[in-house]
A.B. asks: 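My questions will all concern the structure given below.
Both backbone and side-chain heavy atoms feed into the values below; hydrogens, waters and symmetry mates do not. Order of the sequence lines fixes the chain letters, A, B, ..., with proteins taken first and strands second; residue numbering starts at 1 for each chain.
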Amino acid sequence: MLIYDDLGKRIATSTSGLKLKIEKTDIEIDSRGFADFVVKTFKFKDHPVSDITALSDAIAKLDFVEECSSTGGYLNIKVKAEKLYSIIDDAISGVGMYPETFQDPERVVVEHTSANPTGPIHVGRIRNSIIGDSVARIFARYGYRVSTHYFVNDSGKQVMALYEGFVRYCKGCELTVENLLHGYQEIYRHMEELGGETAVIGPLLKRYELPDVKLLEEIKGACSVVLKNIKETLGQLHVNIEDYIWESGFLQSEELVEVFERLGTHIKEEKKAKFLEMPWGKKEYLVRSDGTKLYLVRDLAYHLFKTEHFDVIVDVLGEDHRDYAKTLGYVLPDLMELDKRFEFLIYSFISLEGSKLSTRQGNIITVEELIKKGLEEASRIVSEKGNDYDEKTREKIAKEVAVASIRFNVVRVNPQKAIVFRWGEALNTEGDSAPFIMYSYARSSSILEKGEPSEKRKSSYGKEEKALLWNMYLFPDFIEKSMNSKRPDLIASYALALTKTFNDFYSSCQVNVAEDDIRGTRRRIVEMYRTIIKDAAGMLGINMLERM
RNA sequence: GGGUCUGUGGCCUAGUUUGGAUAAGGCACCGUCCUUCUAAGUCGGUGAUCGGGGGUUCAAAUCCCCCCAGGCCCGCCA
C-alpha cells in the first residue's frame with residue numbers, strides 16, 4: 001500500500017462532529033479550475049443551508065486549507081501550497097520517493113505475452129507485453145511482491161505444425177527463426193493437399209501424449225529458438241519476464257492429476273470425451289474422445305501451480321480470450337474451489353488498416369521491424385537537432401526515445417479500446433508522446449546542473465508553482481486508481497498532465513537567476529518533479545535521459 | 001443468428017464506474033515567441049448539437065430502452 005498525507009481524508013475526518021458529515025468519496029478532485037478539492041453540496045438536499053455553512057466553516061478552519069467558499073451548490077476548497085510542498089518534500093527527503101510504498105505481503109503474478117512461439121512477435125501482440133509489463137510495475141510500485149510469467153505453448157497443434165513444417169519443408173536446414181517460420185507458413189499453405197490438419201498433426205499429438213520424449217525435446221528445441229528471438233525483442237522494449245513456464249511441463253505433472261481430482265464429479269462424459277458444463281450453457285472440453293488432453297487442462301494445471309506460489313493471479317489476455325477468461329474465472333474458484341484472487345485484464349487488438357494480422361499467412365509487421373524504424377526515425381531527429389553530443393550519446397538517446405515512443409503510444413490508450421496501427425502514430429514523438437515527457441525531464445536536469453543550490457526557502461507561491469505542487473501531490477491517487485482498475489493508461493495521462501504543468505512552470509518561473517530564497521524553493525520543486533515524473537515514467541517502462 | 005466490447009471536432013485520445021458549474025488534450029491548419037535555465041518547447045486562433053432516436057431527471061457524453069456501424073467470440077484449436 002501507499003503511505004502519504006491524504007488531505008481529502010483529513011477533510012472528511014474533520015467533519016465527523018458536524019450535523020452534515022461527509023465521506024472521503026464526497027470530496028472530489030477538481031478538474032475545471034475552480035479549486036483543488038470540490039464538494040457537491042447540492043447533493044445534500046435534506047440539509048438546511050446552515051449545515052452547509054457549518055461544513056464550509058469547519059473546512060476553512062483546517063490548517064492546510066487556504067480557502068473554502070460556497071458557490072452555486074459547490075464547496076470550492078483550495079489547499080495551501082506550502083502544505084503541498086512540505087508533504088512532497090518530507091517524503092522525498094525521508095525515503096527518496098513520493099508516495100512511500102509499504103511492502104504488502106501479498107504475492108502477485110502477472111502472466112502476459114504468452115504468444116505461441118511460432119514466429120517473431122508482431123505489432124498485434126505487443127500490446128499484451130506492454131500492458132502486462134506496465135501493470136506489473138504498477139503493482140510493484142503500489143507495494144505488492146510481483147512476479148511475471150510467460151506461459152510457453154509448446155504442446156499444441158500450432159507448435160506441432162511448426163515442427164512438422166520444418167521437417168517437411170526445411171529438412172537439413174539450420175534451425176533458425178526464418179527457416180522455422182518458412183516451414184510453418186508452408187505447411188498451412190499446403191494443409192489441404194496434405195489431407196487436412198487431422199492427418200498431418202493427429203499422429204504427432206498421440207505420440208506427444210505417450211509421451212514420446214524425443215519428440216517432446218525436438219519440439220521444445222524448435223520453440224526455444226523462436227522464444228529466444230521473442231525474448232530479445234521484448235528485452236529491447238524493457239520487457240523482462242521473470243519466468244518462462246513451459247506448457248509441456250504440466251503434461252505428466254502432479255498439478256494435472258490434482259485438476260481432475262478437484263473437478264471430480266463436475267466432469268461429464270460423452271462418447272469418451274470429457275467436459276465441464278458452464279452455468280451459461282457452454283460445454284468446455286478437457287479430454288478428446290481419443291484420450292488426448294486439451295489446452296484447458298494444461299492451463300488449469302498451470303493456474304493451480306500459480307495458486308501454490310501466489311495470492312493474486314493476473315492474466316493479461318486479448319479480447320479473443322474474453323469468454324475463455326470467463327470460463328477460468330468460474331472453473332478455478334467455483335469448481336476447483338481455489339480460494340485466491342483471479343483477475344483478468346482484457347485488451348482489444350491492434351489491427352492493421354484494411355488487413356488482418358496473421359503469422360500463418362505471413363501478414364505481419366514484426367516488432368523488430370518497428371523498433372528498427374523507430375531507431376532510424378529517432379536517430380534522424382537527434383541529428384537534426386544539431387546538438388554537439390558524441391556518437392555514443394546520440395545512439396543512447398535515439399534508442400531510449402524510440403523504445404519509449406513505441407511503448408507510450410500503445411500504453412496511453414485504454415486497454416478496452418481498439419488501436420489501428422499507423423506508422424506515424426506508433427512512432428510519434430511530438431505532442432502527447434513519451435519524448436514530450438522525457439524532454440521536460442532533460443530540461444529539469446539542465447536547470448539543476450547549471451545553477452547554484454540554495455538552502456533558503458521562500459514563503460509564498462505563484463500560480464504555476466502551486467499548480468505543479470498540486471499535480472505532484474495527486475500522484476498517489478493516480479497510482480491507486482490505475483492499480484485498482486489495472487489501467488496503465490491512467491499513469492500515462494497523469495504523466496502528460498504533470499509534464500504540462502511543469503512546462504507552464506518552466507516558461508513562467510525563472511529558477512537559477514532568482515534570489516536565494518526563490519531559487520532554493522524552485523530548485524527543490526524541480527527536484528520533486530524529477531523524482532515523480534521519473535517514477536511515473538518508470539511504471540511505463542520509460543527510462544529518462546539527463547539530456548536529449 | 002446469439003453473445004460481448006467500442007462509437008466524443010478532419011484525424012487520434014481523456015472524460016462514462018460514482019449524472020451536475022465553460023466537453024479536456026494532442027495531430028493537422030493559421031498566427032506568436034529563441035540577446036532568460038534545451039524551440040522534441042511556449043502562447044493564441046479556426047474547429048464538437050459527444051453514432052442516431054426515444055425515455056428517466058430540476059440536470060445526461062455519463063443512467064435505461066430501441067436502432068445503426070465496426071471489432072472480437074460462438075472448435076473434442078490454443
Side-chain angles (χ1 to χ4, degrees), chain A residues 25-26 28 30-34 38 40 42-43 45 71-74 76 114-116 118 151 153 155-159 161 197 201 247 270-275 280 282-296 298-299 318-324 326 346 348-349 351 378 381-382 384-385 387 397 401 405 409 412-414 416-420 422 424-425 428-440 442-451 484-485 489-490 492-493 496-497 499-500 503-504 506-514 519 522-523 526 547-548:
Chain A
T25 47
D26 292 320
E28 296 176 32
D30 178 56
S31 55
R32 292 170 179 264
F34 288 99
V38 149
K40 292 168 180 167
F42 55 74
K43 282 184 175 172
K45 287 191 195 69
T71 42
Y74 289 83
N76 290 324
S114 301
N116 286 351
T118 51
F151 192 43
N153 162 22
S155 308
K157 287 184 179 178
Q158 271 78 34
V159 290
E197 217 175 47
I201 313 286
E247 194 181 325
E270 192 179 73
K271 291 181 202 159
K272 291 207 168 173
K274 295 191 167 83
F275 64 91
W280 49 94
K282 196 167 180 271
K283 285 178 183 172
E284 293 288 358
Y285 283 84
L286 302 164
V287 182
R288 298 186 184 90
S289 293
D290 66 3
T292 56
K293 295 173 199 74
L294 286 130
Y295 174 76
L296 178 60
R298 299 187 292 271
D299 199 26
E319 61 177 335
D320 53 338
H321 284 65
R322 206 182 287 272
D323 289 347
Y324 182 74
K326 194 179 169 192
I346 311 286
S348 292
F349 288 132
S351 60
I381 296 170
V382 174
E384 269 179 16
K385 299 294 171 195
N387 295 307
I397 293 171
V401 165
S405 301
N409 289 315
R412 73 190 183 93
V413 181
N414 186 333
Q416 209 158 37
K417 304 213 181 183
I419 296 178
V420 175
R422 294 186 185 94
E425 279 171 29
N428 175 39
T429 60
E430 282 179 349
D432 285 353
S433 69
F436 174 75
I437 297 164
M438 297 164 84
Y439 187 70
S440 78
R443 293 212 288 204
S444 72
S445 301
S446 179
I447 291 174
L448 296 182
E449 198 179 298
K450 288 188 174 157
N484 284 322
S485 56
D489 59 302
L490 298 181
S493 331
L496 282 175
T499 297
K500 282 183 181 112
N503 287 346
D504 282 346
Y506 180 88
S507 58
S508 51
C509 300
Q510 282 291 302
V511 178
N512 289 325
V513 297
R519 191 175 78 247
R522 288 184 176 167
R523 284 180 65 92
V526 171
R547 58 191 48 160
M548 60 185 281

A.B. asks: What is the distance, rounded to the nearest whole Å, between atom CG of A:Asn76 and atom P of B:rU22?
C.D. replies: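 That distance rounds to 13 Å.
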A.B. asks: Can you check the A:Asn414 CG to B:rG15 P distance for me, whole Å?
C.D. replies: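 The answer, rounded to whole Å, is 6 Å.
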A.B. asks: Can you see if the side chain of A:Lys40 gets near the phosphate of B:rG20 - specifically, an N or O under 4.0 Å from OP1 or OP2?
C.D. replies: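 So the side chain of A:Lys40 is within the cut-off, an N or O lying under 4.0 Å from OP1 or OP2 of B:rG20.
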A.B. asks: Whom does B:rU62 pair with, Watson-Crick or G-U wobble, provided both distances fall under 3.5 Å?
C.D. replies: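 Paired with B:rU62, as far as the under-3.5 Å criterion goes, is no nucleotide at all.
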A.B. asks: So which one's nearest nucleotide on RNA chain B is more toward 5', A:Glu284 or A:Thr71?
C.D. replies: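 Its nearest nucleotide being more 5', the pick is A:Thr71.
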A.B. asks: If the cut-off is 4.0 Å, is A:Lys417 near the phosphate of B:rU6, judged by side-chain N/O to OP1 or OP2?
C.D. replies: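 The answer is no; no side-chain N or O of A:Lys417 sits under 4.0 Å from OP1 or OP2.
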A.B. asks: Are the ring of A:Phe34 and the six-membered base ring of B:rA21 within the stacking cut-offs of under 5.5 Å and under 30°?
C.D. replies: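 Ring-base stacking flag set for A:Phe34 and B:rA21.
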A.B. asks: Search all heavy atoms of A:Gln416 against all heavy atoms of A:Ser348 and return the closest pair with its distance.
C.D. replies: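 It is O-OG, 2.7 Å.
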A.B. asks: Whole-Å distance between B:rG20 P and A:Asp26 CG?
C.D. replies: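 The distance from CG of A:Asp26 to P of B:rG20 comes to 14 Å, rounded to the nearest Å.
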A.B. asks: Measure NZ/A:Lys43 against C1'/B:rU18 and give the value in whole Å, please.
C.D. replies: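 That distance rounds to 7 Å.
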A.B. asks: Measuring to OP1 and OP2 of B:rG41, would you say a side-chain N or O of A:Asn503 lies under 4.0 angstrom away?
C.D. replies: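 No, A:Asn503 has no side-chain N/O under 4.0 Å of OP1/OP2 on B:rG41.
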A.B. asks: Does the pair A:Phe436 and A:Leu496 meet the rule for a side-chain contact (heavy atoms from CB on, under 4.5 Å), with working shown?
C.D. replies: CA-CA 8 Å; A:Phe436 174 75; A:Leu496 282 175; 3.9 Å; yes
A.B. asks: Do the charged groups of A:Asp290 and A:Lys271 touch, with an N to O distance under 4.0 Å?
C.D. replies: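 No, A:Asp290 and A:Lys271 are not salt-bridged.
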A.B. asks: Are the side chain of A:Asp323 and the backbone of A:Lys326 linked by a donor-acceptor contact shorter than 3.5 Å?
C.D. replies: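 No, A:Asp323 side chain to A:Lys326 backbone: no donor-acceptor pair under 3.5 Å.
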A.B. asks: Test side-chain contact (heavy atoms from CB on, under 4.5 Å) on A:Asn512 and A:Glu449 and set out the steps.
C.D. replies: CA-CA 10 Å; A:Asn512 289 325; A:Glu449 198 179 298; over 6 Å; no
A.B. asks: Hey, can you tell me if A:Tyr74 and A:Phe42 have their rings parallel, tilted or perpendicular (30° and 60° cut-offs)?
C.D. replies: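 Perpendicular.
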A.B. asks: How far apart are the closest heavy atoms of A:Arg519 and A:Val511, and which atoms are they?
C.D. replies: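 Scanning both residues completely, I find the closest heavy atoms to be CG-O, 3.2 Å.
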A.B. asks: With a 4.0 Å cut-off on heavy atoms, is A:Val287 in touch with a base, just the backbone sugar-phosphate, or nothing at all?
C.D. replies: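 The residue A:Val287 makes no contact with any strand.
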A.B. asks: In whole Å, what separates the C1' atom of B:rG45 from that of B:rU6?
C.D. replies: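 Taking atom C1' in both B:rG45 and B:rU6, they lie 33 Å apart.
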A.B. asks: Hey, does A:Arg547 reach any base, or is it just sugar-phosphate, or nothing, if we go heavy atoms under 4.0 Å?
C.D. replies: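 Touches a base.
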A.B. asks: For the P atoms, the ones on B:rU8 and on B:rA14, what distance do you get once it is rounded to whole angstrom?
C.D. replies: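 B:rU8 and B:rA14 have their P atoms separated by 10 Å.
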A.B. asks: Using whole Å, what does the distance between atom C1' of nucleotide B:rG3 and atom CD1 of A:Ile346 come to?
C.D. replies: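 Atom CD1 in A:Ile346 sits about 15 Å away from atom C1' in B:rG3.
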A.B. asks: Quick one: A:Phe436 CZ to B:rC27 P, roughly how many Å, whole number?
C.D. replies: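 Atom-to-atom, A:Phe436 to B:rC27, this comes out as 9 Å.
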A.B. asks: Let me have a per-nucleotide readout for nucleotides 28-37 of chain B, 5' to 3', with B, S or -, counting only protein heavy atoms under 4.0 Å.
C.D. replies: --------BB
A.B. asks: I'd like the P distance from B:rG52 over to B:rA69, given in whole Å.
C.D. replies: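 The answer is 15 Å between these two P atoms.
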A.B. asks: If B:rC29 has a Watson-Crick or G-U wobble mate with both distances under 3.5 Å, name it; if not, just say none.
C.D. replies: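 Partner of B:rC29: B:rG45.
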A.B. asks: Keeping the roles fixed (side chain from A:Asp489, backbone from A:Ala492), state whether a donor-acceptor pair exists under 3.5 Å.
C.D. replies: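 No, A:Asp489 side chain to A:Ala492 backbone: no donor-acceptor pair under 3.5 Å.
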A.B. asks: Does a side-chain N or O of A:Arg298 approach OP1 or OP2 of B:rA78 to a distance below 4.0 Å, or not?
C.D. replies: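 Indeed, a polar side-chain atom of A:Arg298 lies that close.
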A.B. asks: May I ask you to evaluate whether A:Arg32 reaches the phosphate of B:rA21, defined as a side-chain N or O under 4.0 Å from OP1 or OP2?
C.D. replies: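 It does, given that an N or O in the side chain of A:Arg32 lies less than 4.0 Å from OP1 or OP2 of B:rA21.
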A.B. asks: Quick one: look up who B:rU6 pairs with, Watson-Crick or G-U, both distances under 3.5 Å, and put none if it's unpaired.
C.D. replies: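 By the stated definition (distances under 3.5 Å), B:rA69 pairs with B:rU6.
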A.B. asks: For B:rA14, what is the paired nucleotide under Watson-Crick or G-U wobble rules, both distances under 3.5 Å?
C.D. replies: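 Result: none.
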A.B. asks: Distance between the C1' atoms of B:rC68 and B:rC30, in whole angstroms?
C.D. replies: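 37 Å, rounded to whole Å.
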A.B. asks: Would you mind reading off the distance between A:Lys326 atom NZ and B:rG2 atom C1', rounded to a whole angstrom?
C.D. replies: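 Computing the A:Lys326:NZ to B:rG2:C1' distance gives 12 Å.
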A.B. asks: Would you find a donor on one side and an acceptor on the other, under 3.5 Å apart, between the side chain of A:Asp30 and the backbone of A:Arg32?
C.D. replies: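 It does hold such a pair.
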A.B. asks: Find which nucleotide of RNA chain B each of A:Glu319 and A:Tyr285 is nearest to by heavy atoms, and output the residue with the more 5' nucleotide.
C.D. replies: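 Comparing both residues, the 5'-ward one is A:Glu319.
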A.B. asks: Write down the distance between CD1 (A:Ile419) and P (B:rU6), rounded to a whole number of angstrom.
C.D. replies: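 A:Ile419 atom CD1 is separated from B:rU6 atom P by 15 Å.
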